Amino acid sequence: MARIFISYLLLLISVLSEVYSATCPDGFEGSLSDPDKCYLFVSIPKNWFDANQYCTTNANNLVSIHSRGENLNVLATVTASATIDRCDSKNFWIGGNDLTGKGTLTWTDGQRWDYNNFNATQGQPHYQINGCVSSQITRPVSSSCWKIESANNLNCFVCEYYISSGTLTTTPTPTTTPITSCATGWTNSISNSNKSFCLVTTKATWFNALLYCQNIAAQGTLATISNAFDQSQLNSIVFEHQAPCFDNWIGANDINQLGTFQWSDGQPLVYTNWAPGQPDLNNRCTAAQLQTNGQWTTEPCGVDNCFVCQKYTA
Ligand SMILES: *[C@@H]1O[C@H](CO)[C@@H](O)[C@H](O)[C@H]1NC(C)=O
Ligand SMILES: *[C@@H]1O[C@H](CO)[C@@H](O)[C@H](O)[C@H]1NC(C)=O
């Protein structure tokens, strides 16, 4: 009994020492508030979406911040960086955003929204225009506050990495996602011989759906419905494959400018097929009811829906 206990104790000690000897990968700074957490300051200005994609590819997520101490910790990491002068703006992106529903702030890593550093004197949080949270870099850093700004702005950013999450993926592999996971395969658009559609019957948030489409093909993006032919073709793809989702993400969104919808390939909306009462400007992403009349409704971008990708073949 005693021997079993002692060997158990030895095992426990070796496991514990392994935990405590775990360190952050090169280039990352250890968090003072969480021994498992590391920060990576990236001094490459990117829009919020590209910054988010960079973090999910090279770390875990854009950073989430849960206390005043952690906020100062992140600011110290940023201001200590030797490459901070590569960032033109005086703000850096963190993982906060209200893309999932106007006025409802969430972290991209799914952790609780339990702390914020908005300054009401600066009129923050100011939801009307944009969806993503940046932190100012002022000196002293104790007077740096957060604000909401256009996801389109170019800022440096901070990613987070949890040591216990396992190996770090350092090689982006955007082209290796098997196209077979696109349930229908690619179908040529009947209205534009350069364009193909593919229905994905796995549910994802609008933003993850967009990333998925971008990754399965060069010039891949969420579907642009350019005319009534595209619309009826998508309805028939869903019908033919008895696809499971009532709502399917398409590329239309007003993330860049409230009330001004555009396609995820940057085209303005010419043809539209809004359901009555739509678009509801409380939500910024658009789903088409492809099992029925195909009409479009806006939904919170964080909802999980099936989605339609497109690619240009020429
Ligand atoms: C809030 O912002 C105002 C105006 O910029 C500033 O004077 C004040 O110090 C800030 N408060 C905090 C707590 O940072
Ligand atoms: C297809 O792509 C080619 C080359 O980019 C372009 O010249 C042509 O106009 C496109 N056709 C359609 C129908 O968009």
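Values reported hereafter were calculated over all heavy atoms of this structure, with side chains retained and with hydrogens, waters and symmetry mates removed. Source: prediction; values computed, not measured.
A donor-acceptor contact under 3.5 angstrom links the side chains of T83 and S81, judged on distance only. No side-chain N or O of D230 forms a donor-acceptor pair with one of Q310 less than 3.5 Å apart. Side chains of T138 and S143: a donor on one and an acceptor on the other come within 3.5 Å. No side-chain donor from either of D265 and T221 sits under 3.5 Å from a side-chain acceptor of the other. For the residue pair N119 and T121, a side-chain donor N or O sits within less than 3.5 Å of a side-chain acceptor on the partner. Residues N153 and N155 bring no donor and acceptor atom of their side chains to less than 3.5 Å of each other. Remark: the Q111 side chain and the D109 side chain contain an N/O donor-acceptor pair separated by less than 3.5 Å. A donor-acceptor pair shorter than 3.5 Å can be found between the side chains of S134 and E149.
Under the ring-ring contact (aromatic ring centres under 6.0 Å, His included) criterion, F49 pairs with F207, sequence neighbours left out.
Counting heavy atoms of neighbouring residues, nucleotides and ligands inside a 6.0 Å radius, atom CZ of F239 does not exceed 12 of them.
Using a 4.5 Å cut-off on side-chain heavy atoms (C-beta onward), T56 and N61 make contact.
Sorted by first then second residue, the disulfide (SG to SG under 2.5 Å) pairs that include residues 238-274, not counting sequence neighbours, are C245-C306.
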Going through the checks in order, is the side-chain contact (heavy atoms from CB on, under 4.5 Å) test met by T104 and Y127? CA-CA 9 Å; T104 304; Y127 295 114; over 6 Å; no
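Residue F229 shares its hydrophobic cluster (ILVMFWY side chains chained together at separations under 4.5 Å) with I190.
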